[in-house]
Every structure is written in structure tokens, then in C-alpha cells.
Amino acid sequence: YFVIFVDEYTRYIFIYLMKKRSDLHEIYAVFIADVKQAHSMRIMTLCHQMITYEENTPSTIRADNAKEYQKLGRTILQKYGTKMEFTHAHTPQQNGIAERTNLTLMNKTRAMLFESKLPANLWGYAVRYSAVTNNATPTRVLDGDNPYYAWHKYEYKIENLSLWMFAIHISRRRIERASYITELLS
């Protein structure tokens, strides 16, 4: 499983992998720590996976009616003072940005795994890589800036972005070329 938190203004994606849905409480605590470390801000609204900010802790979360979110809502109201808003059943439109982001990440992940011919058990790496590339890609919402820049206030160093399974493709091509050259020479 994984959970994403999408900043409503910058569209910056926080992604966390989890082994079971009940890990959501710990992940939320890590998320809060990440936000405070980056900006010393209070999360004012977190919409299912969407955030807006105030001073130092969350004020509201919007989520679908999944049981793990309901349980999280009770816990974080007591611990962080964050209120929970639940969307109506079968209405992903009420949480459009987060739902669209989820769809985009999963489509990229499937495409990367299919194209690289890697096993499905590497989906965690692929979905995290999808989020990183999404954060580093300019968007119309930010007038050509990318979410990474809008969140961190400095550009993402594209050289830090390793190509997805580049080594596998290079190795495959080298083997093909080596066998082709061997055929030519013999």
C-alpha cells in the first residue's frame, strides 16, 4: 500500500509506502515531521491527501470514508487538533486533485514496470520514482514552475534524477551490440 499527500497550492506530492493500512497513523506522524522540518508550518487543511497551511499543525483533513481514515481522524483530532472531513461515497470529484494524482502515479508506475520488464514486486520503487518525476516536472498550475521548486524554493537538480532502470537498458543494448559486432567480425 501507499498513501500520498498533495499540497493544494504547489501540487507537491509526499508519498509513503506502508505494509498494511493500519500503518497510516505512523505515516501521518512522519508526514507531519517532514512538513515541520521543511517549513516549520502548521498544516491547516489536509484534503485526503491535499494540504494547505497555517502555522504549525494541521487543522483539517479531507478523506474518503475508508475505515483507516475514520480511525486516523479520531486519533489526529486528539493528538494534533486536526479535524477530519469525509467525502461522500462514490464521489472522487470532491477530492479531484488527489484522485487525479493517484491515477497519474499509478499509470506512470504501470508503464515503467511494463516497459522495463521488471517484476511487479518492484512497484514501490516505481511509484516513488513517479512521484519524484512528477514533482520535478513543470506544471501549468504553477505557470511553468515545478512543484519541487514551489515547495522547497530552489530548483531540483535534474542530475540527481537517475534514469529509471537505465542500467538495464544499457546492458541489454551493449549485449545486443556486442553480439552484432561479433557477427560482423566473424
Rounded to the nearest 0.5 Å, the CD1 atom of Ile4 sits from the CZ atom of Arg128 at a distance of 15.0 Å
How long is the span from the CG atom in Asp145 to the CD atom in Glu155, to the nearest 0.5 Å? 7.0 Å
State the OG1-CE distance between Thr133 and Met112, to the nearest 0.5 angstrom. 6.5 Å
What distance separates Ile13 CD1 from Ile97 CD1, expressed to the nearest 0.5 Å? 11.0 Å
Can you tell me how far the OG1 atom of Thr137 sits from the CG atom of Leu142, to the nearest 0.5 Å? 11.5 Å
Residues Asn134 and Tyr12: side-chain donor-acceptor under 3.5 angstrom: no
Checking Phe14 against Asn135 for the side chain to side chain contact (heavy atoms under 4.5 Å, CB included) test, could you report, in this order, the C-alpha distance in whole Å, the side-chain angles of both residues, the deciding distance, and whether it holds? CA-CA 9 Å; Phe14 294 86; Asn135 286 335; over 6 Å; no
Give me the ring orientation class for Trp123 and Phe2: parallel if the planes are under 30° apart, tilted from 30 to 60°, perpendicular past 60°. tilted
Phe114 with Leu103, same ILVMFWY side-chain cluster at under 4.5 Å: no
Looking only at heavy atoms, which two atoms of Gly144 and Pro138 are closest? And how far apart? O-CB, 3.2 Å
Testing the basics here: between Ile15 and Ala131, what is the closest heavy-atom pair and its distance to 0.1 Å? CG2-CB, 3.8 Å
When you look at Lys19 and Tyr1, which way does the side chain to side chain contact (heavy atoms under 4.5 Å, CB included) test go after all the steps? CA-CA 6 Å; Lys19 292 187 185 229; Tyr1 299 104; over 6 Å; no
side-chain hydrogen bond (donor to acceptor under 3.5 Å, both in side chains) partners for Arg110, two or more places apart: Asn107
Tyr125 and Leu105: same hydrophobic cluster, using ILVMFWY side-chain contacts below 4.5 Å? yes
State, with a plain yes or no, whether a side-chain heavy atom of Tyr16 is found less than 4.5 Å away from one of Phe5. yes
Check step by step if side chain to side chain contact (heavy atoms under 4.5 Å, CB included) holds for Asn146 and Arg11. CA-CA 9 Å; Asn146 60 48; Arg11 301 300 201 266; over 6 Å; no
Flag the pair Asp23 / Glu26 as yes when at least one side-chain heavy-atom distance between them is below 4.5 Å, and no otherwise. yes
Heavy-atom side-chain proximity of Pro147 to Thr139 below 4.5 angstrom: yes
Minimum side-chain heavy-atom gap Arg21-Val3 below 4.5 Å: no
Applying side-chain hydrogen bond (donor to acceptor under 3.5 Å, both in side chains), can you list everything that pairs with Tyr156, at least two apart in sequence or on another chain? none
Tell me every residue that passes side chain to side chain contact (heavy atoms under 4.5 Å, CB included) with Lys153, counting only those two or more places apart in sequence or in another chain. none
Under the criterion side chain to side chain contact (heavy atoms under 4.5 Å, CB included), I'd like the reasoning laid out for Leu17 against Val127: C-alpha separation, chi angles, the key distance, then a yes or no. CA-CA 9 Å; Leu17 301 178; Val127 76; 3.8 Å; yes
